[in-house]
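The next block holds one structure in the form of structure tokens; read it before the comments.
We name chains A, B, ... by the order of the sequence lines, and we start the count at 1 in each one.
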Number of protein chains: 2
Amino acid sequence: MEATSGKIALPGPPRTRADRLREDLAEEILSGRIGPGVRLDEQGLADRYGVSRTPVREALRQLAATGLVEARPHKGVIVTTPSQKALAESFELMAELEAACAALAARRMTAAQRRGLLRIHGRMRSLSEAGDPEDYAALNLDFHDTIWQGCGNATLAQMTADVRRRVGPFRRLQFRLSGRLQRSWEEHDAVVRAIEQGDPAAARLAMQGHLGLVGDASADLVRSKAQGGMVG
Amino acid sequence: MEATSGKIALPGPPRTRADRLREDLAEEILSGRIGPGVRLDEQGLADRYGVSRTPVREALRQLAATGLVEARPHKGVIVTTPSQKALAESFELMAELEAACAALAARRMTAAQRRGLLRIHGRMRSLSEAGDPEDYAALNLDFHDTIWQGCGNATLAQMTADVRRRVGPFRRLQFRLSGRLQRSWEEHDAVVRAIEQGDPAAARLAMQGHLGLVGDASADLVRSKAQGGMVG
DNA sequence: CAGATCAATATTGTCTGTCTATATTGTATG
DNA sequence: CATACAATATAGACAGACAATATTGATCTG
């Protein structure tokens, strides 16, 4: 998967330096190596990467357009530090998008895609029983990716993937992993069953339930309480 | 509403020339004055706007990041011409987002927001009966905007507004207006009633029905048939 | 000594000019 | 007539400089 725009699979490697720079920076930010709030100095980056300021500026503008960094005139760009509120909103948005994918997937997934989903789902069962959070998390991405692809709407799939990527670095702060694998697998199971039965509504609800946002008050709570913070 | 990023309300006017240029160009594209497929010459734009190539390039990069234009290395940027498939996908995405907004609004709208919605809804009834598509369309935006704001999730609201704005120039190509006002108002009425009753599921379904994507085969059709075309 | 005012500084925004790389076009040649 | 190659135009990138502005630090005043 490509770094910045999140395009699923591009033919050749990108050509311009600005593109490469943008992807490098995006990767460093999303992996946490650069970290929120850090200021990105134009000349410094130019020196570090051995290019002039021109491609650096273009890369930064593109990153700013994706929301990964924040640029204010004459003050430079900094890696965005989402507020608690903004994070909660993004999680909720992600849940809605994933749920929409699941609902559409229940109607449109091809037989091959369903087989693939079942295969992944089966492997995850073993990992959940064995208690292997590492590999489980890796396959988890495949699981969701299969559903995204199965929704038959590349635009929606792309947007869902993008949102998930953006909140990715902050997921660990909100989820406790240990012991949750079995629970997670059971929630996945509900999604898989709904898709198998071709029941969009059930698939939507199951996915929303999996992402922990069915009727819960957490989002509403954050919404009413947390006001301040930075942009996201 | 601001032009490019779609931010709802900014305090001061933007400062850098690149920002202004980006907004001007976005406005010209969204209003249809520039039109899909048109090539945007850097030097030409620089001359036209009395600036150097630098801010022009940055503006174009930002527009490319939003998907309004498409930039390929050494070939210049052109206004994106979404394929039929991409358009259908965007409409479906918009419907899902609007439906999510409606569902959340049913749970979270404040009393004041509900009053505002009812007020707009009432005025639209008169316009629909009078057969005034012009004013009806104008108020229609307010109607949906009220629901976006009422969902209590600014991130979701922003994304919904952005998607709607992007497909805006193409809506007229797919919708026939005359005689549809009454039907539209009735669909709105279903949404309003669901929100009034605080029924998220009903609100979601009503909104999906309003946007013409409940169980219909149009999207699936386009998906299976239309393959070619340009990016979107 | 605390606080405010203003100058020095650093960084971004922009310009100009130049050079290079690549896509396109046109021409010549087999 | 088709292909290969050269000419051209434009985008990508570089370099240096200046302007605009935010930040910082020093100075001055109460």
* Which residue lies more 5' along DNA chain D, comparing A:Glu58 with A:His74 via nearest heavy atoms -> A:Glu58
* Asked: Between B:Leu40 and A:Val51, which has a closest nucleotide on DNA chain D that is more 5'?
  -> B:Leu40
* Sugar-phosphate, base or nothing in reach of A:Arg17, heavy atoms under 4.0 Å -> sugar-phosphate
* Base, sugar-phosphate, or nothing: which does A:Arg53 touch, judged by heavy atoms less than 4.0 Å apart? -> base
* Going from CG on B:Leu97 to CD on B:Glu92, what distance comes out if it is rounded to the nearest 0.5 angstrom? -> 11.0 Å
* To do: Look at A:Glu58 together with A:Arg17 and state whether they make a salt bridge at an N to O cut-off of under 4.0 Å.
  => no
* **Check ion pair B:Arg39-B:Glu70 (N to O, under 4.0 angstrom)** => no
For [X] and [N], what is the distance between atoms [atom1] and [atom2] respectively, to the nearest whole Å?
| X | N | atom1 | atom2 | value |
| --- | --- | --- | --- | --- |
| B:Gln43 | D:dA13 | CD | C1' | 15 Å |
| A:Leu21 | D:dC14 | CG | C1' | 14 Å |
| B:Glu42 | C:dA23 | CD | P | 16 Å |
| B:Tyr49 | C:dG13 | OH | P | 21 Å |
| B:Ile78 | C:dA23 | CD1 | P | 15 Å |
| B:Asp47 | D:dT10 | CG | C1' | 14 Å |
| B:Leu60 | D:dA13 | CG | P | 14 Å |
| A:Lys75 | C:dG13 | NZ | P | 12 Å |

* Between A:Arg22 and A:Gln62, is any side-chain donor less than 3.5 angstrom from a side-chain acceptor? -> yes
Please state whether the phosphate of [N], meaning OP1 or OP2, lies under 4.0 angstrom from any side-chain nitrogen or oxygen of [X].
| X | N | answer |
| --- | --- | --- |
| A:Arg20 | D:dA13 | no |
| B:Thr54 | C:dT14 | no |
| A:Arg72 | D:dT23 | no |

* So do the side chains of A:Met109 and A:Leu104 get within less than 4.5 Å of each other, counting heavy atoms only? -> no
* Structure fact -> Side-chain atoms of A:Pro55 come closest, of D:dC14, C:dG13, D:dG12, to D:dC14
* **Candidate nucleotides D:dG12, C:dT11, C:dT14, ranked by approach to the side chain of B:Thr16 - the nearest** => C:dT14
